[in-house]
Amino acid sequence: MRIGIVGVGQVGETLGSIWARAGHEVAFGSRDSVKAAAAVKGLAGAHAMTQEQAVAFGDVVLWTPRGVMPADPNLLAGKIVLDPNNREPDPGRDYASPHPNGLSYAERLQAAAPQARVVKVFNTIVMRVLRETPERLAASGTQVLLASDDGEAKTVAAGLAADAGLGAVDLGGLDASWLAEAMADAFRQGMRTSPAEWRQALVFADLTDRPN
């Protein structure tokens, strides 16, 4: 699968590296050519590009710029677009308000690019843990949350989560994406207010019955 990564920060580099090692052809798109070149080192089938080139390259696009809408939404037409973003803190608060107003980031992205196939996913995963100790997440049955109006796009996103050793929970349509964003807010708030305890709430464990 051809995957375009828009933005080579912690999220883009972590997931893009995992997918390249899983055998996908990955384009790392950045406004900084040095960062893009650094991201592809040691990865077979990886390419350094501009953000626009990465969008054009990918059948699937990971859209990491938080709150930034595409300058040309037609570039995303027909593409599966993965949104891993979370809200910024409200003024005077550690993290986003527990009573969010307006659309989620995923809904805003869908409104800005109406022909894209937007999926909310990966926003509840701590990228540092996924990058440094992925076996910890896999062993605990960690799951991503999926929200989209496109069933086929959710299936593709679940497959890419599986490439990272993660399961998937389908929350429903894109209007449920605010639930995933609120969950991430709760995690981040817990990191601030209860740093000794928050890790117990980090992962979505598979609670189905398993044979002993």
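As the structure is a computational prediction, the values presented were derived from the model and not from experiment.
Rounded to the nearest 0.5 Å, atoms CG (Leu130) and CZ (Arg128) are 11.5 Å apart. Rounding to the nearest 0.5 Å gives a distance of 11.0 Å between CG of Leu166 and CG of Leu145. The distance from atom OG of Ser148 to atom CG of Leu171, rounded to the nearest 0.5 Å, is 11.5 Å. Note that CD of Gln51 is 11.5 Å distant from CD1 of Ile5, once rounded to the nearest 0.5 Å. Within the model, atoms CZ of Phe57 and NE2 of His47 stand 4.0 Å from one another, a figure rounded to the nearest 0.5 Å. Note that CG of Leu15 and CG of Leu160 are 9.0 Å apart. Values are rounded to the nearest 0.5 Å.
The residues Lys120 and Glu181 are annotated as salt-bridged, a charged nitrogen and a carboxylate oxygen being separated by less than 4.0 angstrom.
For Gln115, the CD atom counts as loosely surrounded, since its 6.0 Å shell holds 12 or fewer non-hydrogen atoms of other residues, nucleotides or ligands.
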>> Before you tell me yes or no, could you show the steps for Gln110 and Asp149 under side-chain contact (heavy atoms from CB on, under 4.5 Å), namely the whole-Å CA-CA distance, both residues' side-chain angles and the distance that decides it to 0.1 Å?
In response: CA-CA 10 Å; Gln110 184 69 82; Asp149 295 331; 5.5 Å; no
>> Between Val156 and Arg117, is the side-chain contact (heavy atoms from CB on, under 4.5 Å) condition met? List the steps.
In response: CA-CA 11 Å; Val156 170; Arg117 305 163 68 187; over 6 Å; no
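When the options Leu62, Val6, Val8, Ile3 are evaluated for a side-chain contact (heavy atoms from CB on, under 4.5 Å) with Phe28, the one that passes is Val8. For the side-chain contact (heavy atoms from CB on, under 4.5 Å) with Ile125, the qualifying choice from Val11, Thr142, Thr14 is Thr142, the only one to do so.
Between Val144 and Ala161, the shortest heavy-atom distance links the atoms CG2-CB, 3.8 Å. Closest of all the heavy-atom pairs between Arg136 and Val129 is NH1-CG1, 3.7 Å. Here the closest heavy-atom approach between residue Pro70 and residue Ala112 is recorded as CD-CB, 4.2 Å. Across Leu76 and Ala113, no two heavy atoms sit closer than the pair CD1-CB, 4.0 Å. Contact detail for Thr124 and Ala180: the closest heavy-atom pair is CG2-O, 3.7 Å.
Under the 4.5 Å side-chain contact rule for hydrophobic residues, Leu137 and Leu146 share a cluster. In terms of hydrophobic clustering, with Ile, Leu, Val, Met, Phe, Trp and Tyr side chains grouped at heavy-atom distances under 4.5 Å, Leu43 and Val26 are assigned to a common cluster.
At distances below 3.5 Å, at least one donor-acceptor pair connects side-chain atoms of Trp63 with backbone N or O atoms of Val68.
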